[in-house]
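First the structure, in the form of C-alpha cells, and then the observations on it.
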Amino acid sequence: MNQLALRSKFNEVFHKQKLYFFAPGRINLIGEHTDYNGGHVFPCALSFGNHCVFCKRDDQKIRLHSLNFPQKGIIEADLNSIVYDKNNDWANYPLGVIKVLQNHGYQMDHGFELLFWGDIPGGAGLSSSAAIELATAVAMNHTFNLHIPQIELVKFCQEAENKFVGMNCGIMDQFASGMGKENHAILLDCNTLKYEYVPLDLQGISILIINSNKKHSLVTSAYNDRRRESENALKALQTKLPVQALGELSIEQFEANKDLIKDPVERKRAKHAVYENQRTLQAAKALKAGDLETFGKLMNQSHVSLRDDYETSCPELDIIAETCWGIPGVLGARITGGGFGGCAVALVKDTEMKNVIDTVRKVYHDKTGLNADFYIASIGGPARQMPKMY
Ligand code: GLA
C-alpha cells in the first residue's frame, strides 16, 4: 500500500472523507423579471460557479467557511437549532437550505464542515448565491442519502432564499443552477415548470458577459418592490380577466385591458412583464431557427424595457448596452439578472470580439471611471457531486 492509499484508508476508517460538490452560476439570455410573474425565462448554467467540500463530524455542529469571505472566519451553528442571523452574512444561504430540508422532514443525523469557494464574481448578478444554495443542497442530498429529485432541491433552495434569507426571488436562478445542461439554454415556463433545452448552436458567435463592477445588492434594492408592484398590477387586471399571472396575457389582451391598472408605475411594470415574456418565446424560436439577428434585436428591446418600464437598469449598464449597440459585430446586448448593477450579456461575432471588448472597456472607463471585466461564457452542466477526493 502506498502513502496515498494509506492516507485515504485513514480517512475512510475514521470517517474523514472529504466529498466535493459543485453548482454553477447562470447567465440569463432573455426573460428578465418574468419568473415571479409566471412567464418564461431563457437562462443557461455557466461553467464557473461555487465549489464545496464536505467533511463529516461526529457531533451536531455545522461549521462553515468561505474562501471568498475569509474575514468572516468560521461560522458555527447547531444542527438542531438553525436560525437566521444577520451576522452570519453569506452563511445564511447554506444554513437556510439545511433548515428548509429539515422543515420538510429530512434528517441530517450528524454535524459537518463545509468549505466553499466560488469563482463567480460576487454581486455581479450571475447567481453566486443560488450556486451556494444548490451546492449545499446537492451535498446534503448525497451525503445523507436523502434521495430528493434535483427539481425538488431547486424548489427547496428557492424557498430558503424566500423564507430564510428574505429575498423574494423567483425560481430562475436556482433552476438554472440545478438543471443546467452543457451547451444548452433552458426555456423554462415558470408557471408550470415545464422546460426545454435549446442547443446553443451559435455559428461563429459567442456570448460575452460584461461585468460593470457596479455591485448590486438585491435584498436591499428595489427587487421586492418590483415584485409587489407587479402583483398589484395583476390584481387590477383580475377585476376583469380570469388570469393567475401576468405571463398568461398576450400583448393584445394586455393592451385592451391595461387601463384597469390605475397606477402608471404599476402599468409600466406589467407592460414589461407581458412584453418580455413574449420576447422570450420569440427569442427561443429564433435561436431554434438559427436566426441570431432576430435574437439580438429582442435582447436590445429587452434592455430598453428594463431601462424605461421596469426601471431595473442603472447608468453604468445603460452605457455598456448602448455602447455595444453601436459596435459592428454585436448582434444584441442587454442587462442581465436582477439588475441595479451587475452584468450585461451580449451576442458578439468572434471575428469582432477583440474590437468590441477594447471599445467597451475604453468608453466605459472614460464615462464612469470604472473598469469593466469581460468573460466569454462557457455553458456548463448542473449542480452535482464531483469525483471523490481525500
Ligand atoms: C434575480 C432573481 C430571479 C429573477 C431575476 C430577474 O436574479 O433571483 O428570480 O427574478 O433576478 O429576472
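Counting starts at 1 for both ligands and their atoms, following the listed order.
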State whether the shortest distance between N or O atoms of Gly170 and N or O atoms of ligand 1 falls below 3.5 angstrom. yes

What orientation do Phe144 and Phe54 show, parallel under 30°, tilted 30 to 60°, or perpendicular over 60°? perpendicular

Is there a nitrogen or oxygen of Glu32 sitting under 3.5 Å from a nitrogen or oxygen of ligand 1? yes

Enumerate the atoms of ligand 1 whose separation from the nearest heavy atom of Cys169 is less than 4.0 angstrom. 2 (C), 8 (O), 9 (O)

Backbone, side chain, both or neither: what part of Glu276 comes under 4.0 angstrom of ligand 1, heavy atoms only? neither

So for ligand 1, is Ser127 a polar contact partner (N or O within less than 3.5 Å, distance only)? no

Can you find an N or O of Arg26 that's nearer than 3.5 Å to an N or O of ligand 1? yes

Indicate yes or no: does an N/O atom of Thr34 lie under 3.5 Å from an N/O atom of ligand 1? no

Which salt bridge (Lys or Arg N to Asp or Glu O under 4.0 Å) pairs, counting each pair once, include a residue from residues 186-207, with sequence neighbours left out? Glu196-Lys288

Would you mind listing which atoms of ligand 1 come within a distance below 4.0 Å of any non-hydrogen atom of Met172? 4 (C), 5 (C), 12 (O)

Does the side chain of Asn68 reach to within under 4.5 Å of the side chain of Trp117, using non-hydrogen atoms? yes

Element-labelled atoms of ligand 1 that are located less than 4.0 Å from some non-hydrogen atom of Tyr36: 10 (O)

Given the side-chain rings of Tyr223 and Phe340, with only the six-membered ring counted for Trp, is the space between their centroids under 6.0 Å? no

Would you mind listing every salt bridge (Lys or Arg N to Asp or Glu O under 4.0 Å) that reaches into residues 105-118, with sequence neighbours excluded? Arg57-Glu113, Arg63-Glu113

Number the atoms of ligand 1 from 1 as they appear, then name those within less than 4.0 Å of a heavy atom of Asp35, with their elements. 3 (C), 4 (C), 9 (O), 10 (O)

With a 6.0 Å cut-off on the ring centroids, do Phe116 and Phe21 count as close? no

Taking atom types as modelled and ignoring hydrogens, do the side chains of Gln253 and Asn257 form a donor-acceptor contact shorter than 3.5 angstrom? no

Run through Thr359, Asp358, Asp366 and flag the one making a side chain to side chain donor-acceptor pair (under 3.5 Å) with Lys362. Asp366

Work out whether the distance between some heavy atom of Arg226 and some atom of ligand 1 is less than 4.0 Å. no

